[in-house]
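One structure below.
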Amino acid sequence: MAWADVQNLTHQTRPSRPTYLPPHLRQLGARGGCSNRNSFPPPAGPSFNQRQRATPYDIITEKLEQVELTDNGNVINLDAYEDVPVEATGSDIPLAVKSFGEIEMCEALNENIKRRKYVKPTPIQRHAIPIVMARRDLMACAQTGSGKTAAFCFPIISRILGDRFGQVVVSGHGVRTRIAYPTALILSPTRELSCQIHDEAKKFAYQTGVKVVVAYGGAPIAQQLYNLEKGVDILVATPGRLVDMIERERVSLKMIKYLALDEADRMLDMGFEHQIRKIVQQMDMPPPGTRQTMLFSATFPDDIQRLASDFLSNYIFLTVGKVGSSTDLIAQRVELVQDMEKRCHLMKLLSTQKANGTHGKPALTLVFVETKRGADALEHSLSMNGFPAIAIHGDKVQRERERALRSFKSGATPILVATDVASRGLDIPHVAHVINFDFPKDIDDYVHRIGRTGRAGNSGMATAFFSDKNMPLAKALVELMQEAKQEVPTWLSHCAQNFVGSVRSTRYGRSKFGGSDFRSSQNDYYYPSTNSNGDANSFVDTCADVYNAGGYAAPTSFDNYASAGDRSSNADYYGAHNPGPYAHYSSADDYPPANIDAFAARSNGNEYGYGSIVASGWD
DNA sequence: AAAAAAG
């Protein structure tokens, strides 16, 4: 180790551990192999500064033209993002780009984009990338499956490369320090999501010399530490393991210039906020303004935005689609099913599904439940009845979690029963159907869960079982479905209108979509009052009446409230005359429908046509 | 009240 290096270790600056550059890139700084070597920073051509709007506080709204996106070589989406409203608020908003070509970046990164078969940037990428390139903080909301990961990975890698070419590269090999000094940190709420981000970031960083390392719990720490020792530019991590490593003094955040929180609203909600504050505010991370901070999520409640603004400096708020909305690529169904009947109902539903989906792969079904125990129980129950299911939840050891996910992805086990560990961010191709077996407690979770299907412009299907317990969310669900242009069942509309009760926050009673940037609505925090008229009986009676009057006779649904004596047997209930949304799935060959239109057309049916129950013995 | 995240 050079003496200068030793000296540097005692200084506040980054130890000049030589940055490894692969041989083919070593001359680039001098030769200009990077397409715009002088553009980091400032960018060449019309600079980002020059291209900014002049007004101090802008609101930019626009409609987008069609986006072309490919996956695995197939053009899968031509019009999926047409008419998606985009809104950016803040000062001096950089203009969006229309193509990757407009973004000044290194040739190596360009090649990687082509390798990934990205043809055009998605809306979130078109807007977010210039913002990050222009060194601005960002809070971004974009619909699930619209390419958020790439939206922060590209520019971070690009900026790191730009910074690097401006530096003198110290030659030398094999010099290691105990402490790793990443320049970029990407935090995510689950281990699997961190792995996924790591995999994707590595693909973008291929042959650029930018090193991406992942750190998460449940796996041996030794290998992760070893990877860090070999050098790290971008660290992708879950909070617990990162704190552990910092406390062991194996990682320092002193050199962080880029901080990205994926699923940022989750990272700042009750369970996580303390840990995140510790990492961002109580370790050695540079303060806002001296680092660049990017927050991404599909949902961003106002109260969480307020917390998040502590981490940001003069940020731009960007929404693609409405905040918290789901995409209309997902056909949503809601069924009134009482808790006792859910299993029975699920198996009937599954039995009508065709084993094979499109793409020649099995149609994957993701079933969300509320609790870890419930996940195991349902996995067991399904397996015992001939449905190939596997469960994933936080009580399983990491290996089992990863095994379950692999088995599901490969189609070996086409039914995955999951807790919310799998609700956010995971990109699982070919999920045809998301079933909310237990309706989530928070409408934002619903958005994220159904977002596991309908990704990257593909269509998808979501079915929710809605029971008495879920009535507080009826209103929010109706609004969400209307926003996504879904047909709302009459009974659900009535439940929404008639339910009065205490609502804890906007997340339950959300009445406003769109508004979005909490800075522009400082005075309309909405805390609906508790209503003492929330008499369960009158409410339930009303719903039951509506349900029955509409021909949707569901004797077991509300009878425990409406009429204690009227508990007709399930056998009768599921007899020939039962109405319901899956009327047209009587033939197994018919399912799943080939496309959204077919699904929508069929779902107008008013008679059950469930096929015979393939298995028996379950309760 | 539950899930997630450290060992």
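Convention: sequence-line order gives letters A, B, ...; per-chain numbering from 1.
In the set B:dA5, B:dA3, B:dA6, the nucleotide with an atom closest to the side chain of A:Tyr216 is B:dA6. With B:dA4, B:dA6, B:dA1 as the choices, the nucleotide that has an atom nearest any side-chain atom of A:Lys441 turns out to be B:dA1. You'll find that the side chain of A:Arg241 is closest to B:dG7, out of B:dA2, B:dA4, B:dG7. Side-chain proximity of A:Asp244 to B:dG7, B:dA2, B:dA5: nearest is B:dG7.
Checking the phosphate oxygens (OP1, OP2) of B:dA5, a side-chain nitrogen or oxygen of A:Arg401 falls inside 4.0 Å. Between A:Thr371 and the phosphate of B:dA1, there is no side-chain N or O to OP1/OP2 separation shorter than 4.0 Å. In this model, the phosphate group of B:dA4 is approached by a side-chain N or O of A:Thr419 to a distance below 4.0 Å at OP1 or OP2. Within the structure, every side-chain polar atom (N or O) of A:Arg266 is placed at least 4.0 Å from both OP1 and OP2 of B:dA4.
Evaluation of the side-chain hydrogen bond (donor to acceptor under 3.5 Å, both in side chains) rule for A:Ser194 yields A:Ser188 as partners, not counting sequence neighbours.
Going from atom CG of A:Asp420 over to atom C1' of B:dA1 covers 13 Å, rounded to whole Å. When rounded to the nearest whole Å, the span between CG of A:Asp262 and P of B:dA4 equals 18 Å. In this structure, A:Arg248 atom CZ and B:dA6 atom P are separated by 12 Å, rounded to whole Å. Computed from coordinates, the A:Leu225 CG to B:dG7 P distance equals 11 Å when rounded to whole Å. When the P atom of B:dA3 is taken as reference, atom CZ of A:Phe272 falls 14 Å away, rounded to whole Å. With rounding to whole Å, A:Arg373 atom CZ is found 19 Å from B:dA4 atom C1'. One interatomic measurement links the two molecules: CD of A:Glu263 to P of B:dA4, which rounds to 15 Å at whole-angstrom precision. The distance from atom NE2 of A:His274 to atom P of B:dA3 is 21 Å, rounded to the nearest whole Å.
Listed by first and then second residue, the salt bridge (charged side-chain N to carboxylate O under 4.0 Å, His left out) pairs involving residues 235-245 of chain A are A:Asp244-A:Arg248 (not counting sequence neighbours).
A cation-pi arrangement is present between A:Lys342 and A:Phe437, with the terminal nitrogen or guanidinium carbon under 6.0 Å from the aromatic centre and inside a 45° cone about the axis.
For an aromatic pair to be called close, the ring centres must be under 6.0 Å apart, and A:Phe465 with A:Phe439 fails this.
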Problem - Trace of the salt bridge (Lys or Arg N to Asp or Glu O under 4.0 Å) decision for A:Arg266 with A:Asp269 - result: CA-CA 5 Å; A:Arg266 164 64 87 241; A:Asp269 80 6; 2.7 Å; yes
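Using a 4.0 Å heavy-atom distance criterion, A:Gly217 is classed as a sugar-phosphate-only contact.
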